[in-house]
Novice: 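Before anything else, here's the structure in question.
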Amino acid sequence: MAEPLEQRFSSALLDPRAAIPAGIRRADGGDPAFAFAVYRNNVAVSLVETLAAGFPAVRALLGEARFKAVALDFVRREPPRSPVLLRYGATFPQALGAREDLAAIPFLADLAALEWARIEAHHAADAAPAAIADLAVLGEAALGAARLTLHPSVRLVRSRFPIVTIHAIETGGIERPRHRIDLGTGQDALVVRPGMRVAVHPLSEGLGAFVEALVWGAPLGDALEAGINEDASFDASGALQLVFSAGAVEGVEQGEQDA
Amino acid sequence: MTITTRRAASTAILAGAVATAAAALAAVPTPASAQAQERCYGIALAGANDCGGHGNATCAGTSTVDYQGNAWKLVEAGTCVQYGSETDMTNAFYLPEGRMGSLEPLERDLPQG
Amino acid sequence: MSDALHSARTRAALPQRAGAGFKPLHAEGVFDSDHEVSWFEIHPENYMGEGGPMLALLETLRARYPLSIHGVGLSIGGARDLDRAHLKRLRGLIDRFQPGLFSEHLAWSTHEDAYFNDLLPLPYTRQTLERVCDHIDETQEALGRRMLLENPSTYVIFETSEMEETEFLAEIARRTGCGLLLDVNNVFVSATNHGWSAEDYLDRFPVGLVGEVHLAGHKEVTLADGARLLIDSHDRTVSDPVWALYGRLLDRTGPLPTLIEWDADVPPFSVLAGEAAAANRFLERASAEDPAPLRLAAGGRHG
């Protein structure tokens with residue numbers, strides 16, 4: 001009895017058109033569907049609120065009503081898999097990107113990916129960042145093979161759109177500019193929480209490729225090349241200053257040197 | 001062969017880059033560790049203060065006004081007063097309309113009603 | 001970080017005073033004002049990240065106050081096997097923060113792979129009794145301690161139920177050795193919704209097993225057919241009939257750790273502290289009137 005009951009209960013919670021489970025009733029003899037609607041509403045509202053709290057820029061951009069409709073659709077298709085709701089929403093950016101009715105906002109999925117990266121960074125493990133002195137002590141010959149271990153909170157979001165600026169505008173971090181912003185300028189975002197505050201650093205061309213190589217665990221020499229390949233005027237010193245001053249490096253590992 | 005040549009080139013660039021970067025950062029303190037924090041008033045966005053921002057509904061954000069003067073956020077020690085000091089809108093320390101972070105609660109931007 | 005510090009921590013029992021649900025936004029009021037809240041309760045699911053400000057704040061809280069951990073995600077009443085990974089996460093938090101009590105709900109929230117973030121009702125049958133008892137045995141084993149099980153607030157009833165809720169809870173406690181968390185607002189909400197007498201419910205409840213009491217506000221909604229239903233909304237002050245039931249309970253039990261819950265439309269901390277002060281007046285009266293409360297079974301440990 002219990003298995004099928006839960007099965008029917010579950011289906012009816014997520015699908016407002018589904019019949020309510022048999023075997024439930026109201027003490028006053030009224031239609032139990034109206035009381036069941038309370039559960040359906042609790043589930044929908046609480047999960048939509050969870051997404052709304054995690055994706056404030058997407059919410060601001062879509063407006064309250066449209067966000068609710070889009071989020072509710074997501075909740076019904078992809079309900080949480082875990083009671084740890086601070087991990088709910090990892091696939092929301094993809095789901096937004098797949099919606100044809102939102103294709104007019106081409107940067108929406110990337111913007112959501114940036115918000116998700118902030119959530120992950122917020123809850124990532126604590127660690128003390130390394131200083132550049134830890135790298136400077138290595139001999140010249142060892143630098144190319146050295147690997148920078150990134151801080152556990154580091155997330156990289158690469159985009160063809162200026163998502164860092166859009167995020168700041170939509171969350172009120174900066175004032176809405178009077179002119180239209182140039183959507184053709186891509187921005188990569190380095191998200192990191194070296195202490196208790198999540199910071200987002202916009203990365204210029206070349207830096208995104210450099211940080212991406214570090215994320216993949218490439219030796220410093222290869223990461224540098226990745227930067228130069230993307231942008232011939234790539235500034236290696238500036239790149240190192242950025243990743244160390246942002247607190248994005250947790251440690252320096254000596255790699256195998258060329259013979 | 002190519003690999004060795006490339007390595008040699010990048011080693012030279014890197015050596016210079018590390019030296020320059022190390023010199024540039026020498027004057028800057030290392031990033032604050034997880035322990036050193038302070039309360040900073042008037043810098044939190046609505047619903048984005050340190051209530052997890054995201055999680056079970058029982059942890060909903062209650063700061064309903066942006067930069068609410070009596071809502072605080074934990075920031076790295078020593079950085080609170082830097083909020084509002086930047087005019088570059090993409091800088092993390094930028095706050096609109098001349099607002100500044102404060103170590104004490106502020107009267108501004110309080111919710112109405 | 002700093003495991004050495006955590007290992008020195010020992011369990012702090014909850015005092016027989018009022019506590020409050022902890023909201024990170026209340027940190028200033030909690031830490032910087034004089035108030036009558038003697039302990040705090042958290043939902044562990046909100047602190048299951050790897051690190052960051054939430055856990056840092058919980059460290060600060062626990063350094064100053066006894067703590068109760070009140071789970072919302074274990075789905076003890078569900079047909080599915082318990083989520084072992086979730087039990088392990090709970091154990092990690094419990095070992096680190098050493099709460100005075102750990103409690104969960106007589107409800108389910110997960111089916112197959114979906115987590116619904118709501119406390120869903122179950123019929124009270126022999127079959128569900130077996131299942132809940134198995135899950136509580138497993139939980140107490142995995143956590144290495146006794147837990148409390150909370151009575152639910154419900155909006156529908158099941159035709160298949162064979163037992164009264166009080167009877168069901170008493171039998172679970174008898175078989176598993178768990179204690180009970182009595183939510184007085186839930187009693188009032190369910191009793192009103194289902195036409196029971198809340199007083200009879202309390203009188204039948206095995207109050208000697210109660211280790212903690214919950215108080216909260218509820219709201220009344222009108223259903224689509226005009227009928228009225230109470231919702232356990234936790235968004236306002238405790239209602240007068242619930243205070244009256246609370247007084248009736250304490251007359252039998254003497255003082256018990258009592259939590260003020262407030263989870264939606266959360267007001268400034270001073271409002272929660274005011275509710276806590278009101279609960280403390282009941283507790284002081286109960287303490288003066290009944291020096292030998294029925295608490296023998298409630299404070300024990302599992303195993």
Side-chain angles (χ1 to χ4, degrees), chain A residues 45-47 49-50 52-54 56 83-86 88-89 118-119 122-123 126-133 135-136 138 140-141 143-145 164-165 168 171-175 177 194-197 199-202 220-222 224-225 228 235-241 244-247 258, chain B residues 3-4 6-26 28-38 40 43 45-48 50-61 66-67 73-77 79 88-97:
Chain A
V45 169
S46 72
L47 293 175
E49 275 177 4
T50 298
V84 185
L85 288 186
L86 52 87
Y88 183 50
R118 291 176 55 97
I119 290 169
H122 190 86
H123 296 290
D126 302 318
I132 196 162
L135 183 64
L138 301 184
E140 269 187 30
L143 290 175
V164 178
T165 304
T171 54
I174 62 175
E175 279 179 278
M196 288 295 138
R197 189 174 60 83
V200 178
H201 302 272
L220 202 47
D222 293 3
L224 178 71
E225 258 182 57
I228 293 170
D235 169 13
S237 168
L240 288 169
Q241 285 182 52
F244 277 97
S245 66
D258 291 338
Chain B
I3 292 172
T4 314
R6 273 164 46 196
R7 279 274 163 87
S10 59
T11 299
I13 298 172
L14 269 176
V18 171
T20 312
L25 292 179
V28 182
T30 51
S33 74
Q35 265 73 17
Q37 307 156 45
E38 64 193 10
C40 191
I43 64 167
L45 291 177
D50 281 340
C51 182
H54 184 73
N56 292 63
T58 48
C59 182
D66 284 347
Y67 313 112
K73 218 174 137 73
L74 287 172
V75 299
E76 284 146 45
T79 64
D88 171 6
M89 298 195 300
T90 59
N91 189 287
F93 292 124
Y94 175 84
L95 293 176
E97 290 160 27

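Keep in mind that the numbers below use all heavy atoms, side chains included, and drop hydrogens, waters and symmetry copies. In this text, all values refer to a predicted model and were calculated from it rather than measured experimentally. Letters A, B, ... are given to chains in the order of the sequence lines, protein chains preceding strands, and every chain is numbered from 1.
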Novice: Rounded to the nearest 0.5 Å, how far does CG of A:Leu224 lie from CG of B:Leu14?
Specialist: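 The CG atom of A:Leu224 is 4.5 Å from CG of B:Leu14, to the nearest 0.5 Å.
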
Novice: Would you compute the distance between atom CD1 of B:Ile13 and atom CG of A:Asp235 and round it to the nearest 0.5 angstrom?
Specialist: 11.0 Å

Novice: Heavy-atom distance under 4.5 Å to chain B: side chain of A:Leu47, backbone, both or neither?
Specialist: neither

Novice: Side chains of B:Thr20 and A:Leu240, heavy atoms from C-beta outward: is any pair under 4.5 Å?
Specialist: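 No, their side chains stay 4.5 Å or more apart.
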
Novice: Which bit of A:Ala136 is near chain B, if near means a heavy-atom gap under 4.5 Å: side chain, backbone, both or neither?
Specialist: both

